[in-house]
J.: 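Questions regarding the structure given below will be posed in turn.
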Amino acid sequence: QVQLVESGGGLVQAGGSLRLSCAASLSIFSLNAMGWYRQAPGKQRELVATMTSGGSTNYADSVKGRFTISRDNAKNTVFLQMNSLKPEDTAVYYCNARRSGNLNYWGQGTQVTVSS
């Protein structure tokens, strides 16, 4: 089992910034990819940003230019820097990891609330 622990969520005004962290229980090089998803009340969970073990990144159109995914390999940690936050960014944000064999792991989630 891969364990993922998120932190950094909170309440922020529109236009503000937050930085989310996700610490993995093993080297991220043992994982095919890591990323962030979010789920608002009454909506399906959606992809926000992903990063492969090789460093390639992908972003949802709604966050391009505002969010940045990055990593600290020595600490087995990925980050999501969220700038210019909007009320529609309000959701529970989940860290995700994928491993060989189509194994899929999720963190417990961290709440991000953006006030207008």
Side-chain angles (χ1 to χ4, degrees):
Q1 172 78 294
V2 176
Q3 293 182 325
L4 306 172
V5 180
E6 301 111 326
S7 62
L11 174 64
V12 65
Q13 291 185 339
S17 299
L18 286 172
R19 191 187 197 193
L20 306 183
S21 299
C22 175
S25 61
L26 78 172
S27 172
I28 60 176
F29 291 110
S30 298
L31 303 167
N32 292 339
M34 296 188 69
W36 293 93
Y37 291 70
R38 66 187 181 187
Q39 187 168 23
K43 295 185 177 180
Q44 294 184 329
R45 190 171 298 185
E46 64 176 348
L47 184 148
V48 176
T50 60
M51 175 178 282
T52 68
S53 60
S56 298
T57 59
N58 186 47
Y59 297 92
D61 288 341
S62 60
V63 307
K64 286 181 179 177
R66 301 188 298 120
F67 292 9
T68 303
I69 188 170
S70 61
R71 67 187 180 192
D72 184 331
N73 295 331
K75 297 182 178 180
N76 298 330
T77 301
V78 296
F79 306 94
L80 185 68
Q81 179 67 46
M82 304 185 294
N83 298 327
S84 302
L85 283 162
K86 305 174 181 180
E88 51 263 44
D89 295 319
T90 296
V92 177
Y93 284 70
Y94 296 91
C95 184
N96 171 261
R98 294 189 180 275
R99 197 177 184 181
S100 297
N102 287 325
L103 300 177
N104 190 35
Y105 305 95
W106 296 94
Q108 79 285 353
T110 184
Q111 176 71 47
V112 172
T113 302
V114 184
S115 62
S116 59

J.: Quick one: does any side-chain atom of Q3 pair with a main-chain N or O of S25 as donor and acceptor, under 3.5 Å?
T.: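 Side chain of Q3 to backbone of S25: no pair is present.
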
J.: Examine distances only and state if a side-chain atom of Q111 and a backbone atom of G9 form a donor-acceptor pair shorter than 3.5 Å.
T.: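 No, Q111 side chain to G9 backbone: no donor-acceptor pair under 3.5 Å.
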
J.: Main chain of Y105, side chain of N96: is a donor-acceptor contact present, judged purely on distance under 3.5 Å?
T.: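 Yes, because the side chain of N96 sits within donor-acceptor range (under 3.5 Å) of the backbone of Y105.
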
J.: Find out whether L26 and L31 are in side-chain contact, i.e. whether some heavy atom of one side chain is under 4.5 Å from a heavy atom of the other.
T.: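 SC-SC contact between L26 and L31 confirmed.
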
J.: Please report the closest heavy-atom contact between L4 and C22, naming both atoms and the distance.
T.: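 Heavy atoms of L4 and C22 come nearest at CB-SG, 3.9 Å.
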
J.: Test M82 against V63 for side-chain contact (heavy atoms from CB on, under 4.5 Å), laying out the working first.
T.: CA-CA 9 Å; M82 304 185 294; V63 307; over 6 Å; no

J.: What closest approach, in Å, do A40 and T90 show between heavy atoms, and which atom pair accounts for it?
T.: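 Closest heavy-atom pair between A40 and T90: CB-O, 3.7 Å.
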
J.: Taking side chain as C-beta onward, heavy atoms only, is T52 less than 4.5 Å from T50?
T.: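 Heavy-atom side-chain distance check fails, nothing below 4.5 Å.
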
J.: Under 3.5 Å, side chain of R66 to main-chain N/O of S84, donor-acceptor pair present?
T.: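 Looks like yes, one N/O pair under 3.5 Å.
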
J.: If every non-hydrogen atom of S17 is compared with every non-hydrogen atom of N83, which pair is closest and at what distance?
T.: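 Here S17 and N83 meet closest at OG-OD1, 2.9 Å.
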
J.: Are L20 and V112 side-chain neighbours, meaning at least one heavy-atom pair lies under 4.5 Å?
T.: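 Side chain of L20 against side chain of V112, heavy atoms only: contact under 4.5 Å found.
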
J.: Got R71 and M34 here, is their nearest side-chain heavy-atom distance under 4.5 Å?
T.: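 With C-beta onward as the side chain, the pair stays apart.
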
J.: Looking at CD of Q81 and CG of L18, how far apart are the two atoms once the value is rounded to the nearest 0.5 Å?
T.: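 Between Q81 CD and L18 CG, I get 8.5 Å after rounding to 0.5 Å.
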
J.: Taking CG in N104 as the centre, count heavy atoms belonging to other residues, nucleotides or ligands within less than 6.0 Å. Is the count above 12?
T.: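 Yes, CG of N104 has more than 12 neighbouring heavy atoms, counting only those of other groups under 6.0 Å.
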
J.: Is there side-chain contact between E6 and W36, with at least one heavy-atom pair below 4.5 Å?
T.: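 With C-beta onward as the side chain, the pair touches.
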
J.: Can you tell me how far the OH atom of Y37 sits from the CG atom of L80, to the nearest 0.5 Å?
T.: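 Here the interatomic distance stands at 13.0 Å.
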
J.: How about C95 and W106: do any of their side-chain heavy atoms sit closer than 4.5 Å?
T.: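 No, too far: nothing below the 4.5 Å cut-off.
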
J.: Do you know which two heavy atoms are closest between S116 and A14, and how far apart they sit?
T.: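 The pair with the smallest heavy-atom distance is CA-CB, 4.4 Å.
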
J.: Indicate if V92 and L47 have the same hydrophobic cluster label, given that clusters are the connected sets of ILVMFWY residues with side-chain heavy-atom separations under 4.5 angstrom.
T.: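 In one cluster: yes.
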
J.: Please, which pairs that meet ring-ring contact (aromatic ring centres under 6.0 Å, His included) have at least one residue in residues 64-98, sequence neighbours excluded?
T.: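 Sorted result for residues 64-98: empty, none.
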
J.: Salt bridge or not between K86 and D89? Use side-chain N to carboxylate O under 4.0 Å.
T.: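 Answer for the salt bridge query: no.
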
J.: Work out which heavy atom in T57 is nearest to a heavy atom in M51; give both atom names and the distance.
T.: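 Heavy-atom minimum between the residues: CG2-CE, 3.4 Å.
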
J.: Hey, could you give me the CZ/CZ distance between R38 and R45, rounded to the nearest 0.5 Å?
T.: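 The CZ atom of R38 sits 13.0 Å away from the CZ atom of R45.
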
J.: Looking at R99 and S30, what are the two nearest heavy atoms and their distance?
T.: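 Between these two residues, the closest heavy atoms are CG-O, 3.5 Å.
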
